[in-house]
Amino acid sequence: MRYLISLIPVLPLAGFLILAFVGKRLNKVSAGVIACGTVFSAFILSLIVFMNANGNPTFENGMTITLFDWISVGSFRATFSFLIDPLSLVFLLVITGVGFLIHLYSVGYMKEDEGYNRYFSYLNLFIFFMTLLVLGNNFLLMFVGWEGVGFCSYLLIGFWFKNSAYNDAAVKAFVMNRIGDLGFLLGIILIFITFGSIEYASVFAQAGQMQPGGFVIIAITLLLFLGAIGKSAQIPLYTWLPDAMAGPTPVSALIHAATMVTAGIYMIARTNILYTMAPLTLQIIAGIGIATALLGATIGLVQNDIKKVLAYSTVSQLGLMFLALGVGAYNAAVFHVVTHAFFKALLFLGAGSVIHALHGEQDIRRMGGLRKLMPVTWLAFLIASIAISGIPPFAGFFSKDEILMHVYASNPMLWVLAVLCSVLTAFYVFRLFFLTFSGEYRGDPATIGHLHKTPMSMSGPLIVLAVLSAVGGLIGIPELFSGGNLLGQFLSPVFGQSALHLHLPALSHEVEYVLIGISVVVALLAVLFAMYLYAYRKEVSVTESSALRPVHNFVYHKYYVDELYQTLITKPLQWLGDKTYRILELKVVDGVVEWIGRFVVMCGKSLRLIQNGESGIYLLAMVVAIIVLIVTANF
Amino acid sequence: MTVNIFYALSVVAVLSALMVVFTKKPVNSVLFLIVTLFCIAGHYILLNAQFLAAVHVIVYAGAIMVLFLYVIMMLNLTEVLQVNKPDLLRIAAVVSGGILLIVLVGSLKGLDTVASGGVDSTQSGLIERLGYMLYRDYLLPFELSSILFLTAMVGAVMIAKSDEKIIN
Amino acid sequence: MDNLAQTMQGIPLEYYLWLSVILFSIGVMGVLLRRNIIIVFMCIELMLNSVNLLLAAFGAYRDDTNGQVFVFFVMAVSAAEVAVGLAILVMIYRNTKSVDIDELSKLKW
Amino acid sequence: MLIILLTVLLLVGSIVVAAGKAGHAKRVALVFASAGLVISLIMLFQFRSGAEAQFVTSIPWVPSLNIHFHLAADGISLLLVLLTTTLTPLIIYSSFNKQIARANVFYSLILFMQMALVGVFTAMDGFLFYVFWELALIPIYFICLLWGGDGRARITFKFFLYTMVGSLFMLAALIILYLHTPNQSFAIDQLYQAHNTLSPTLQHGVFWGLFLAFAVKMPIFPFHTWQPDTYTNAPTQGSMLLSAIMLKMGVYGMIRWLLPTVPFGMDAYAGFAAILAVIGIVYASCIALAQVDFKRLIAYSSLAHVGLMAAGVLSQTEHGVIGAVMQMLSHGIVVFALFFAADVFINRTGSSALNALGGIRTSAPLFATSFLIVILGSIALPLTSGFPGEFLLLSGIFQFNIILAVFAGLTVILGAVYMLRAYQKACLGERRVGAGEFRDITGVEKTVFVIVAVCILALGIFPKPILDLAGPSVRRLLEISSQ
Amino acid sequence: MNTLIVLVSLGVIALLSELLNFKKVLFPITCAGLVVATGLSMYDWNSNAYVYNRMLYIDNFAIVMTSLICGLSVLWFCFSKKYLERDTYTTDKFALILFALTGAAVMVSYNNFCMLFLGVEILSLSMYILAGSDKKSLAGNEAALKYFIIGSFATGFLLLGIALIYGVTGTFHLDTMMMYIQAHQTDLPQLFKVGILLILVAMAFKASVVPFHYWAPDVYTGSPTLVTAFMATVVKTVAIVALFRLFVIGFGDAYDVWLTPVIIMSMLTMLVGNLIATYQNQVKRMLAYSSIAHAGYLLIAIVAMNQYSTGAVFYYTMTYSIASLLAFGIVYLLKDNIESVGVEEFNGLSKRSPFLAFGMTVAMLSLAGIPPIAGFFAKYFLFSAALKEEYYALVIVAIIASLIGIYYYFKVIIAIYFKESKEAQVAEVNTTNKALIGLCIILLIGLSVIPEVFLRLRF
């Protein structure tokens, strides 16, 4: 079993190495087989482990496999060790499972691309780092995966490296992640200083004994949360994610929707006990979460790029997950991560099929009426849209519902906002759906004639994911519907310690029914409204209506946050660098040095004038010196 | 009596020393210097150093000053008129000379430690004692001064000789 | 023989000191003041002589012969110096036809 | 004994190369340098783990002043010797493609410099340390002067003089320490005891004397202005020697000669010095953002990195110091490779200006990949050599002062910005019109890059042996300093 | 003491060789004689005796310094053989140098002011003449005249000082004087203090210490290069040693009087010498200022006055002299022109004559005090002597001055290696000179390997 677990990350790594070193000599088929095969094997292994793990007490408490010592200095010890417990297993399954599907999808999607092998090597590397992230048994190893996936994301966003804008987006993503990473890193250091260890087991055991709300624990959690903000695209570090859509669409599906961006949720879920001990941080997380959720949703309302809409949707959904974390519903957050992985990946892949079919067209204003032309995609997209809108009995309903319940229990005002958010979500998703598939085709007629066929490798994953999106919610059917909440029970050992401290207020069933009713009804209303507005449109104007134009513009331009950052941070930094160099460095710091040099030479130049060649002056100077000498010595 | 002689000699010495500095013609300077030197010789006699006085006169008046005169005549410098330094320098020279004087005089205190030897045993200036000391205690310097002269002689010849006539 | 006795009674040693210093200063002043090399030489001689006088006076007042012996060496040295100095003067005169000290100020800075 | 063998070998090599024909010079030099590597590897295998210095050779040199020719290596020294002996053959090898005028002198100077560097890292006698310290300066001065670019006379001279400023004050400080040792000796153990009889004021003076020398050598803000010009102007091999190895003299000097010698001085001013170092990090990173010349960019990035090392050492924590040791090795390799990359640019396009490059990836994927690995090492991505060091350094600084750590941590962000931007400008995007095809690396270049990439990854994944090697020695030094 | 006899005899032999026509063998005779003189002086090792009625005090320091100046002279003669034998007055120049050495030997071992005075005069007179030995050269004339006038002027002050001290103590012997000072440590008469200061002034003049250095640059520039070399090495060494001796065996205990002035002079000398040198473009003049600056460093040893001092002075003068001699020698070989040798003469020397280039580099590095060349050790000994006595300000000034010094020494090095030469012609050096330069280089590097030998000399 131990070897099997170790193999899970090793397999994608092996795939990466093979592709990296002999990639040039491999044809596309074998490259695709290697890439998909390794990830699939990893998925199978994860399944095997999962089978063994279910109900096995050693797994519930976490099973550690140590490979080798990585960094050890004095009492500090960071090992290359894997921890298998319910949480990591859940994530592992999602990563390898969805990962495999997306690999498969990519085989078709990237077929024509010259960087095919390179693409798969990056993708494999990503899976490696992602599994490392969730498998690590200490913070530093998590950080390894954390930075590693960030780096892979950098590579894949800038995959088409000839395009400067894409490269800019890649750098932006990496740097923004790095800002968060610095917080994470400092958090790890503070953890080590506080607890004397960075291994989960030892840290959590000690953290449980601590006084809740202590300054240090708040500092630690805030620093870690900073990392999560960067990785999971929360306010204020979310702007990279929409730009990251520059990468190939499967990459957006895998990295920027299903897996990497949820690493922040994983991290907080993993360290839940620390956060439980820091109520203040939890409140901050909830605040940022709901704010991000609303922000993403509103921007998503008016975007016209199919991938941008989905990107903001992701931002918004991630905000929702953080909201869940913020109210202590770790379980619900993880649940939503899983379902979100299904339906968001599906949405992206569906969008990918559309883009693929339309030769790279991404503007929904120039789509429409694709239902007949791409029925599979249409269906998959529809299922995903329903799922994300939270309409029962699809996957999104259960997870979102669980979140809303907890939010209400914690703070009804937040609940109102969250429901608003889900209404907006339903609206923009269906706006997207209707504009894309319903009505009539509004784009270039030439394209429609040469529609790319969606190959099996692409539609296969779509179907699988559609099924998952439809029924995925079953893993977490709440008590209310006499489900066992399988996921919740499975994860309970991980959150057990927190549960002791958190004391989540329980809602009566009546209240729950009412709440569910309200949220479902408003979501349905939103869908209908979207249908009314967009389903049969022939033309889509740039603006909605004149009265709303300024607001629309404002939202359409993403609240000008990018521009704000540009003016407040990027430009000043550039300016600062330039001025520091030109003025401070060259004129002041170096100037002083040069000035000293010149001063010395000037001294030499002027002093030598005393030596004017006339003996009379020399003698006079000597006599004066003698006089001075005698006078100072005697008087 | 001797006190008056002292004063007289001193006044003359100082005055003629000043004239050395201030006369225009070099020859006059030489002559005034000779006067000063004679006055100093007088002082030597007052100090009961007759032999020293004699040597002094012979060496200075008889040899050194003649040498000066000889050079002046040889180079025909009698007619060379004084070219003055810039006024500022001249003032500076006089002032610094004066200040040096004041400073030296002002700082020359502590003569009380000089033991005034027995007035009766004033033998220090006698030739006998001088000779005894010069050829016994000061034998090495004495010999060395011969080297000094040799150096001066060789050097003076080497430098002052006119090369034009010498063709190896 | 009584000269000295009388002198020492009548004239304090300070007087000799002062006289020597006055002569020395005049010599210094001359060196600084004059441009004629010969006169500069003479002023240097004056300085040396004033020191001689001082040495002789100290010797006499201390009743110590060393001072006078030293005077002999000073004389020897000044004679040698004059010889060398005048030789240099002759050489220079031959080259420049001048005995002006400030003419020779080409080496500077 | 092995150390002596090593230094003598290198000295002999230097003479042989100088006397030999210019045509053979590089091969002969490589042979000697490789032999040096072999010796140092033997040392590594013979090394018994522990804090005490080994391979001791102590020959009385000036016995009446208690100056000994005392060479020995503990863990830290051994690592730096290894760094030197590994990088020098690489540096020599990296020049194999080039035609160098008066090659025999060039390689002779490199070997001589290597000898001096080994001496600096193994000297256990204050005076000897100083002599080697200066000895290392002369060859590099001539390398830069004779084979540098335009305006080299002025630039190299500034470098030389600047370094001398520091080292003369260090000499004075060492003498003061010497005069206060129990037995009037320059032996390092004795110098460590000097503080017992040294007044606090004097300790402050000694601290600044030593610090100045190290600060100039590293360099630490604001004593760095010689560095960018020199790095840019020196011949590539010179820049490599300067940045990859010579710079480490300063960090090493701080660890061994500053940290344990003047506790009062450290108490009083280590914080201030660390602030300078951290200012340097942010300052240099900001400037690096504005650089358009790659060599100059490396110079400023090096300044930022070294600021972090200095701050780590000055934090006087185990993590900080070990991190600095680790980072020295990593930075040595990385900066060597960066300069080599700059050399590749210059060979191909005649300049290292980033604006003249672009789109290299298309035609030179191998180079672009190697270059990317090097850059990752530079920005300390985990599993590259830069990470363990940087993490430990930040941890050390954090334990010393949280605010400093936050500012020092900015290097994590800013480093990524300017390095990735440089990579983007050089390798990504479209090939510039009219810039011509950029040949991919082959032969010598390929070998060098492969070795470097392997080193970067290996050190990143298995840093433990190095940390274990340095650990006991560092702990011992810290114990001494905390007495 | 036998050394003196040998030196004098050599001088006389030199004079006779003109008459007796053995000029051809004069050079070997002189060299051999000097070697013998060195040997003889070493023969008296550890005797620590007063000789010639306490006129001289032969201690070990005097012995090593005598040997040093004899040794340096041998080197000098070897460098100068061609110059000396080139035109007329060969024998006279030999004799003058040898007599000067006699004076020098006296100056390093005097115990009586009479000896100091005579030694200074013998040495100076020879130098006045040699400075002007190139009679047609106006620069030479000017050098000789300036040297002479300022020199005899300083002699006046020396004498006045001696007279005043004699007046107070009644003696010319240094050892007696020391006893006097010890007896009157607290109430030294002002007369005496002024006397000490005046002697200090006169000796400072000889050693070209600021502010009594004015003659040095002009005289060094104007004199024939090799005479300058002699002045900058032997004469300077002797002057410093005489000054040092004055304070070691004479006025040491009266440090209240002289310490502050010497410290200030030392600082001024180091700074002014180095500062002005930075702006010089004539190598000879630059070296002149450099030699002024080095006098300042040497004064540090006098200030410190501890067990390191004697060794430091010896080692410093030795290395400084060898390096200077080497530098001047190369300047001479490169361009035998007394008027001006610009730094640009060295342009591209590394290509024209790598050997000369290397020699000059070593000399410059040594003068700049950069390890591993011996000059560094010399500076080191001085600094440690001063730090031992806690003269921190002095050392800091010395460090700053050294840094300024590096500036101009490296100007030459940069010219050698960096600048392109206008004339491509190879600078020819014959084997003898090559051997000589090689010897100097070996000495400069070798001395740094074995400073122990010199420190072992317990003075």
Side-chain angles (χ1 to χ4, degrees), chain A residues 20 24 68-76 78 80 118 140-141 143-148 150-151 154-155 158 161-164 166-168 170-171 174-175 178-179 181-183 185-186 188-190 192-193 573-574 576-582 584-586 588-594 597, chain D residues 158 161-162 221-222 224-226 228-229 283 285-291 300 318-319 322-323 359 361-362 365 369 376 379 381-383 387-388 391-392 394-395 398-399 402 405-406 409-410 412-418 420-421 424 427-431 461-464 467-468 471 474-475:
Chain A
K24 268 186 219 154
F68 58 90
D69 260 13
W70 183 34
I71 301 176
S72 64
V73 169
S75 60
F76 180 87
F80 235 92
R118 188 160 58 87
L140 210 59
L141 201 55
F143 187 75
V144 172
W146 190 269
E147 285 255 287
F151 169 64
Y154 163 80
L155 286 177
F161 58 82
K162 286 183 185 169
N163 185 323
S164 299
Y166 292 2
N167 292 323
D168 289 342
V171 173
F174 193 78
V175 169
R178 273 248 151 172
I179 297 175
D181 293 354
L182 174 60
L185 202 57
L186 293 177
I188 295 174
I189 294 168
L190 193 54
F192 170 69
I193 293 171
L573 203 60
Q574 196 71 38
L576 188 72
D578 199 54
K579 292 297 171 227
T580 315
Y581 179 59
R582 277 181 211 292
L584 202 56
E585 168 82 352
L586 294 184
V588 181
V589 182
D590 196 31
V592 169
V593 177
E594 295 281 327
Chain D
K158 186 170 165 187
L161 200 58
Y162 219 139
F221 174 87
H224 65 277
T225 52
W226 61 267
D229 283 342
Y283 178 83
S285 303
C286 278
I287 292 180
L289 291 174
Q291 294 308 311
Y300 282 108
E318 191 185 356
H319 281 195
I322 294 186
R361 236 212 120 121
T362 323
T369 309
L376 295 181
I379 63 179
L381 198 78
L383 300 189
F387 180 70
F391 173 75
L392 290 172
L394 282 177
S395 168
F398 198 98
Q399 292 166 38
I402 293 174
V406 171
L410 289 180
V412 171
I413 300 163
L414 295 173
V417 176
Y418 60 74
L420 288 181
R421 196 176 285 177
Q424 185 187 341
C427 292
L428 306 179
E430 290 284 355
R431 186 87 187 105
I461 298 170
F462 304 105
K464 192 168 184 295
L467 300 175
D468 288 349
V474 170
R475 274 187 283 280

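Labels below follow one simple rule: chain letters A, B, ... track the order of the sequence lines, proteins then strands, and each chain is numbered from 1.
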Quiz prompt | Interface residue of largest heavy-atom contact number with chain A, from V474(D), L381(D), L289(D), under 4.5 Å | solution = L381(D)
Self-check item: Residue pair S75(A) / F192(A), side-chain heavy-atom distance below 4.5 Å
Solution: yes
Quiz prompt | Contacting moiety of F143(A), where chain D heavy atoms sit under 4.5 Å | solution = both
Quiz item: Using non-hydrogen atoms only, which part of R582(A) is less than 4.5 Å away from chain D: side chain, backbone, both, or neither?
Solution: neither
Quiz item: Where on L161(D) is there a heavy atom nearer than 4.5 Å to chain A: the side chain, the backbone, both, or neither?
Solution: neither
Quiz item: If you take all heavy atoms of K464(D) and S72(A), which pair is closest and at what distance?
Solution: CE-OG, 3.4 Å
Quiz item: Is there a donor-acceptor pair under 3.5 Å between the side chain of S395(D) and the backbone N or O of F391(D)?
Solution: no
Self-check item: Heavy-atom pairs under 4.5 Å with chain D, option from A20(A), G577(A), S164(A) with the top count
Solution: G577(A)
Self-check item: Donor-acceptor under 3.5 Å (R178(A) side chain, V412(D) main chain)
Solution: yes
Practice problem: Measure D181(A) against the heavy atoms of chain D and call it side chain, backbone, both or neither at under 4.5 Å. | Solution: neither
Self-check item: Minimum-distance pair of heavy atoms, taken over all atoms of E318(D) and V73(A)
Solution: OE2-CG1, 3.8 Å
Self-check item: Contact origin within I322(D) toward chain A - heavy atom pairs under 4.5 Å
Solution: side chain
Self-check item: Which atoms of L190(A) approach chain D - backbone, side chain, both or neither, heavy atom under 4.5 Å
Solution: both
Quiz item: Considering only heavy atoms, which portion of Q424(D) lies under 4.5 Å from any heavy atom of chain A: side chain, backbone, both, or neither?
Solution: side chain
Quiz item: Could you go step by step and tell me if L186(A) and I402(D) meet the side chain to side chain contact (heavy atoms under 4.5 Å, CB included) rule?
Solution: CA-CA 9 Å; L186(A) 293 177; I402(D) 293 174; over 6 Å; no
Exercise. Find the one option among I413(D), V417(D), D229(D) whose heavy-atom pairs under 4.5 Å with chain A are most numerous.
Key: I413(D)
Quiz item: Is there a side chain to side chain contact (heavy atoms under 4.5 Å, CB included) between L185(A) and F398(D) once you walk through the steps?
Solution: CA-CA 11 Å; L185(A) 202 57; F398(D) 198 98; over 6 Å; no
Exercise. State whether the side chain of Y283(D) and the backbone N or O of E585(A) hold a donor-acceptor pair below 3.5 Å, judged by distance alone.
Key: yes
Quiz item: What closest approach, in Å, do F174(A) and G150(A) show between heavy atoms, and which atom pair accounts for it?
Solution: CD1-O, 3.8 Å
Quiz item: Which pair of heavy atoms, one from W70(A) and one from I461(D), lies closest together, and at what distance?
Solution: CD1-O, 3.1 Å
Quiz prompt | Under 4.5 Å from any heavy atom of chain D - which part of L155(A) | solution = side chain
Exercise. Name the option with the most non-hydrogen atom pairs under 4.5 Å to chain A; the candidates are P382(D), P222(D), P228(D).
Key: P382(D)
Self-check item: Proximity breakdown for I193(A) and chain D, heavy-atom pairs closer than 4.5 Å
Solution: side chain
Quiz item: Hey, which of V592(A), V171(A), I71(A) has the most heavy atom pairs under 4.5 Å with chain D?
Solution: I71(A)
Quiz item: Given a strict heavy-atom distance threshold of 4.5 Å, which part of I188(A) is in contact with chain D: side chain, backbone, both, or neither?
Solution: side chain
Quiz item: Contact part of T362(D) toward chain A, heavy-atom cut-off under 4.5 Å: side chain, backbone, both or neither?
Solution: both
Quiz item: Side chain, backbone, both or neither: which part of V144(A) has a heavy atom under 4.5 Å from chain D?
Solution: both
Quiz item: In terms of heavy-atom pairs under 4.5 Å with chain D, which of V593(A), D578(A), L576(A) leads?
Solution: V593(A)
Quiz item: What are the two closest heavy atoms between L394(D) and A405(D), and how far apart are they?
Solution: CD2-O, 3.9 Å
